[in-house]
Amino acid sequence: MSGATPRRPASEVFQVFLRLGLTSFGGPIAHLGYYHREFVERRRWLDESHYAQLLAPSQFLPGPSSTQFGFCVGLLRAGWRGALAAFLAFTLPSALLLFVFARFSPAFGGPYGEALLQGLKLTAVAVVAQGVLAMARTLTPDRPRILLALLSLALVVATGSGWSQLAVIALGAACGPLACRSVGPRIGAALPLDYGRGTGAALLALFAVLLLGSWLIPANAPLLLRAAAAFYKTGSLVFGGGHVVLPLLKQAVVEPGLLGESDFLTGYGAAQAMPGPMFSVAAFLGARLDHGQGGALGAAVSLGAIFLPGLLLVSGVLPFWNRLAANAGAARSMAGVNAAVVGLLAAALYDPLWISAVHAPVDIGIALTGLLLLLTGRVPALAVVAWCVAGRLLATAAGW
């Protein structure tokens, strides 16, 4: 990899990722395409081998895959300061926009204000439906994994329990070695890191300690501490990309009463209109904690808590990655988890998205049109947001 040694200035990394953070629409899969064009084809910070080596752990581990990938690019390019610069520059534009929207969203009252917010929710229906279809194509390519996804969907819908979402992830991991025998290990080139397995082990231990602590926070703890625990647990368990954060976040923040479901779905819909990572929705949700009492501190705590576990995991695993990738059992368990996640996301498409956003036949038409626009691959996500909002506003004006 060119430019790996000596390390380059973190300011260079910040400038490149700030532009990406302002312009990278389309979700994590699209982000990885932007990264390939920027860092392999244009700037040659990475060669194809190292790009593949960073792609594998960011896809394998829980957390926001495109953010983890970018964090690793900054790490290789400019050390730990470069990693932090990449994360901040890529995340802050969307986080700040969502925080501002959170402050003003209560002003959207009346029928047209409600129509605007419902349009954002319909956007989420279209985007998550596309995510289910795209993930099903890649993560359930054979009959055993299709059956695993359908079983996960049935369990979550039938029980309606937040714990069932964690159970299907465990089910996928347990069934993976049997259901995913066609999946083989991946071995690639070693990564040039400034730290070794000792530091990696310490980072993984910190991840585990914080995760354990998040489960021990009592129900009567201060609001921000409970929020930090909820967002940290969510960031630790999200497999399969940004859209999968939806059901786990609902379990973590809506069901305990930290946030209302309407605020939750509004924020998730608004996040579709933003560049950068989907996890930035935590800035909106944190600001809206306890009916808008979270404010800037709530946004900052929630944002840091949801991203931290994924960054600790990926930086901790990198020194061990070649050995782990060569283990066929680990690769098959992860394939099983990914298949279960397809079912988990399909369940979230039904509840809460469909149930909360689709109130009339015209809503079905708006969401379906948005989905078809996304499936063409030629319409940017921002245009789909504009369509869903405009469609719902026009339907309200027509009395539909």
Side-chain angles (χ1 to χ4, degrees), residues 25-30 94 97-98 100-102 104-137 153 157 241-247 249-250 254 259-276 278 280-281 284-285 288 342 344-400:
F25 292 90
I29 302 301
S94 57
L97 287 170
L98 284 164
V100 170
F101 182 68
F104 290 100
S105 62
F108 293 104
Y112 290 102
E114 293 174 2
L116 184 151
L117 297 179
Q118 189 182 355
L120 292 175
K121 296 175 186 179
L122 291 172
T123 303
V125 171
V127 171
V128 172
Q130 185 218 17
V132 171
L133 294 174
M135 290 172 65
R137 283 195 298 268
L153 168 62
V157 172
H243 299 307
V244 184
V245 78
L246 173 68
L249 261 183
K250 180 176 180 288
V254 176
L259 187 79
E261 186 170 283
S262 179
D263 275 338
F264 175 76
L265 293 175
T266 298
Y268 191 81
Q272 315 305 322
M274 303 299 166
M278 178 68 67
S280 293
V281 70
F284 179 97
L285 302 180
R288 295 298 305 159
V342 175
L344 179 62
L345 187 57
L349 176 61
Y350 170 68
D351 182 9
L353 280 178
W354 184 274
I355 289 176
S356 299
V358 177
H359 300 150
V362 67
D363 295 330
I364 298 176
I366 293 170
L368 181 59
T369 303
L371 171 61
L372 294 175
L373 291 172
L374 288 169
L375 291 176
T376 66
R378 297 188 295 270
V379 178
L382 191 60
V384 176
V385 176
W387 155 251
C388 290
V389 170
R392 187 58 259 178
L393 287 170
L394 289 173
T396 298
W400 296 342

Hey, could you give me the [atom1]/[atom2] distance between [X] and [Y], rounded to the nearest 0.5 Å?
| X | Y | atom1 | atom2 | result |
| --- | --- | --- | --- | --- |
| Leu393 | Tyr112 | CG | OH | 8.0 Å |
| Thr123 | Leu265 | OG1 | CG | 12.0 Å |
| Gln118 | Ile366 | CD | CD1 | 7.5 Å |

[X] and [Y]: which non-hydrogen atoms are nearest, and at how many Å?
| X | Y | value |
| --- | --- | --- |
| Gly119 | Cys388 | O-CB, 3.4 Å |
| Val362 | Arg392 | CG1-NH1, 3.5 Å |
| Arg288 | Ala102 | CD-O, 3.4 Å |
| Thr266 | Leu120 | O-CD1, 4.3 Å |
| Leu285 | Phe264 | CD2-CA, 3.9 Å |
| Ala357 | Asp363 | O-OD2, 3.8 Å |

Next on the checklist: Please determine whether side chain to side chain contact (heavy atoms under 4.5 Å, CB included) holds for the pair Leu349 and Trp354, giving the CA-CA distance in whole Å, both sets of side-chain angles, and the decisive distance to 0.1 Å.
Outcome noted: CA-CA 6 Å; Leu349 176 61; Trp354 184 274; 5.7 Å; no

With a 3.5 Å cut-off and sequence neighbours excluded, list the donor-acceptor pairs that the side chains of residues 371-379 form with protein atoms.
from: Thr376; atom 1: OG1; to: Leu373; atom 2: O; distance (Å): 2.6
from: Thr376; atom 1: OG1; to: Arg378; atom 2: N; distance (Å): 3.3

Next on the checklist: Using side chain to side chain contact (heavy atoms under 4.5 Å, CB included), reason through Lys121 and Tyr268 one step at a time and then give a plain yes or no.
Outcome noted: CA-CA 7 Å; Lys121 296 175 186 179; Tyr268 191 81; over 6 Å; no

